[in-house]
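Please read the structure below before turning to the comments.
Counting from 1, the numbers follow the sequence of the chain as shown.
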Amino acid sequence: QLAHVAESGDTGTPAVHGTVLLIDDQPLNQRLLKQILERAGLRTHAAGDWDRGQELLRAEAIDLVLLDIMLPDRDGHETLAEI
(Lines give C-alpha, C1' and ligand atoms only; values in the text may rest on other atoms or scores of the structure.)
Protein backbone atom coordinates (compact mmCIF):
# COMPACT_ATOMS: atom_id res chain seq x y z
CA GLN A 1 0.00 0.00 0.00
CA LEU A 2 1.06 3.56 -0.59
CA ALA A 3 1.20 5.01 2.86
CA HIS A 4 2.30 8.04 4.76
CA VAL A 5 4.90 6.66 7.18
CA ALA A 6 6.80 9.62 8.64
CA GLU A 7 7.65 13.26 8.25
CA SER A 8 11.14 13.91 6.95
CA GLY A 9 13.36 16.07 9.08
CA ASP A 10 13.86 19.50 7.54
CA THR A 11 11.20 19.94 4.89
CA GLY A 12 8.10 18.53 6.53
CA THR A 13 7.52 16.52 3.34
CA PRO A 14 5.75 13.25 4.07
CA ALA A 15 7.81 10.15 3.40
CA VAL A 16 5.89 7.46 1.52
CA HIS A 17 6.61 3.97 0.36
CA GLY A 18 5.17 1.78 -2.32
CA THR A 19 5.74 0.66 -5.87
CA VAL A 20 4.31 2.41 -8.91
CA LEU A 21 4.12 1.04 -12.45
CA LEU A 22 4.15 3.67 -15.21
CA ILE A 23 2.74 2.49 -18.52
CA ASP A 24 3.39 5.19 -21.11
CA ASP A 25 4.84 5.03 -24.62
CA GLN A 26 6.52 8.45 -24.30
CA PRO A 27 10.04 8.12 -22.81
CA LEU A 28 10.04 11.75 -21.66
CA ASN A 29 6.81 11.23 -19.70
CA GLN A 30 8.28 8.10 -18.13
CA ARG A 31 11.49 9.88 -17.16
CA LEU A 32 9.78 12.92 -15.64
CA LEU A 33 7.18 10.93 -13.72
CA LYS A 34 9.84 8.52 -12.50
CA GLN A 35 11.93 11.41 -11.13
CA ILE A 36 8.96 12.97 -9.33
CA LEU A 37 7.79 9.70 -7.82
CA GLU A 38 11.25 8.58 -6.74
CA ARG A 39 11.89 11.93 -5.05
CA ALA A 40 8.72 11.26 -3.09
CA GLY A 41 10.19 7.96 -1.92
CA LEU A 42 8.32 5.63 -4.25
CA ARG A 43 9.89 2.75 -6.14
CA THR A 44 8.99 2.88 -9.83
CA HIS A 45 8.95 0.61 -12.85
CA ALA A 46 8.22 1.81 -16.37
CA ALA A 47 6.81 0.10 -19.43
CA GLY A 48 6.35 1.53 -22.90
CA ASP A 49 3.56 -0.85 -23.88
CA TRP A 50 0.99 -3.19 -22.41
CA ASP A 51 3.00 -6.38 -22.98
CA ARG A 52 5.87 -5.09 -20.85
CA GLY A 53 3.43 -3.67 -18.31
CA GLN A 54 1.82 -7.09 -17.96
CA GLU A 55 5.21 -8.72 -17.37
CA LEU A 56 5.97 -6.25 -14.60
CA LEU A 57 2.55 -6.68 -13.00
CA ARG A 58 3.16 -10.43 -12.82
CA ALA A 59 6.73 -10.11 -11.52
CA GLU A 60 6.39 -7.28 -9.01
CA ALA A 61 4.13 -6.26 -6.15
CA ILE A 62 2.61 -3.11 -7.65
CA ASP A 63 0.61 -0.72 -5.49
CA LEU A 64 -0.40 1.82 -8.14
CA VAL A 65 -0.53 1.86 -11.94
CA LEU A 66 -0.29 5.15 -13.84
CA LEU A 67 -1.60 4.33 -17.28
CA ASP A 68 -1.51 6.29 -20.53
CA ILE A 69 -4.99 5.98 -22.03
CA MET A 70 -3.65 6.17 -25.61
CA LEU A 71 -1.11 3.36 -25.92
CA PRO A 72 0.13 2.45 -29.41
CA ASP A 73 -0.70 -1.24 -29.08
CA ARG A 74 -3.87 -1.04 -27.05
CA ASP A 75 -6.65 1.21 -25.80
CA GLY A 76 -5.97 2.30 -22.22
CA HIS A 77 -9.59 1.65 -21.20
CA GLU A 78 -9.24 -2.01 -22.24
CA THR A 79 -6.00 -2.22 -20.31
CA LEU A 80 -7.60 -0.74 -17.21
CA ALA A 81 -10.47 -3.22 -17.40
CA GLU A 82 -8.00 -6.10 -17.66
CA ILE A 83 -5.95 -4.91 -14.70
Side chains of Glu78 and Trp50 in contact at under 4.5 Å (non-hydrogen atoms): no
Same cluster (ILVMFWY, side-chain, under 4.5 Å), Met70 and Leu67: no
Give the intermediate values and the outcome of side-chain contact (heavy atoms from CB on, under 4.5 Å) for residues His45 and Ile62. CA-CA 9 Å; His45 297 286; Ile62 302 294; 4.1 Å; yes
Quick check on the hydrophobic clustering: are Leu21 and Ile83 connected, directly or via other members, by side-chain heavy-atom contacts under 4.5 Å? yes
Which residue in the set Leu56, Asp49, Val65 passes side-chain contact (heavy atoms from CB on, under 4.5 Å) when paired with Ile23? Val65
Using 0.5 Å steps for rounding, measure from the CZ atom of Arg31 to the CD atom of Gln26. 10.5 Å
Begin from the C-alpha positions of Glu60 and Arg43 and carry the test salt bridge (Lys or Arg N to Asp or Glu O under 4.0 Å) through to its verdict. CA-CA 11 Å; Glu60 300 286 333; Arg43 185 171 174 221; 3.5 Å; yes
Shortest non-hydrogen separation from Ala47 to Gly53 and the atoms involved: CB-N, 3.4 Å
What's the shortest heavy-atom distance between Ala46 and Gln30, and which atoms? CB-OE1, 3.3 Å
What verdict does the salt bridge (Lys or Arg N to Asp or Glu O under 4.0 Å) test give for Glu55 and Arg58, after you've listed the backbone C-alpha separation in whole Å, the side-chain angles of each residue and the deciding distance to 0.1 Å? CA-CA 5 Å; Glu55 289 173 15; Arg58 287 188 192 116; over 6 Å; no
Shared ILVMFWY cluster between Leu42 and Leu64, side chains joined below 4.5 angstrom? yes
Would you compute the distance between atom CG of Asp24 and atom NZ of Lys34 and round it to the nearest 0.5 angstrom? 13.0 Å
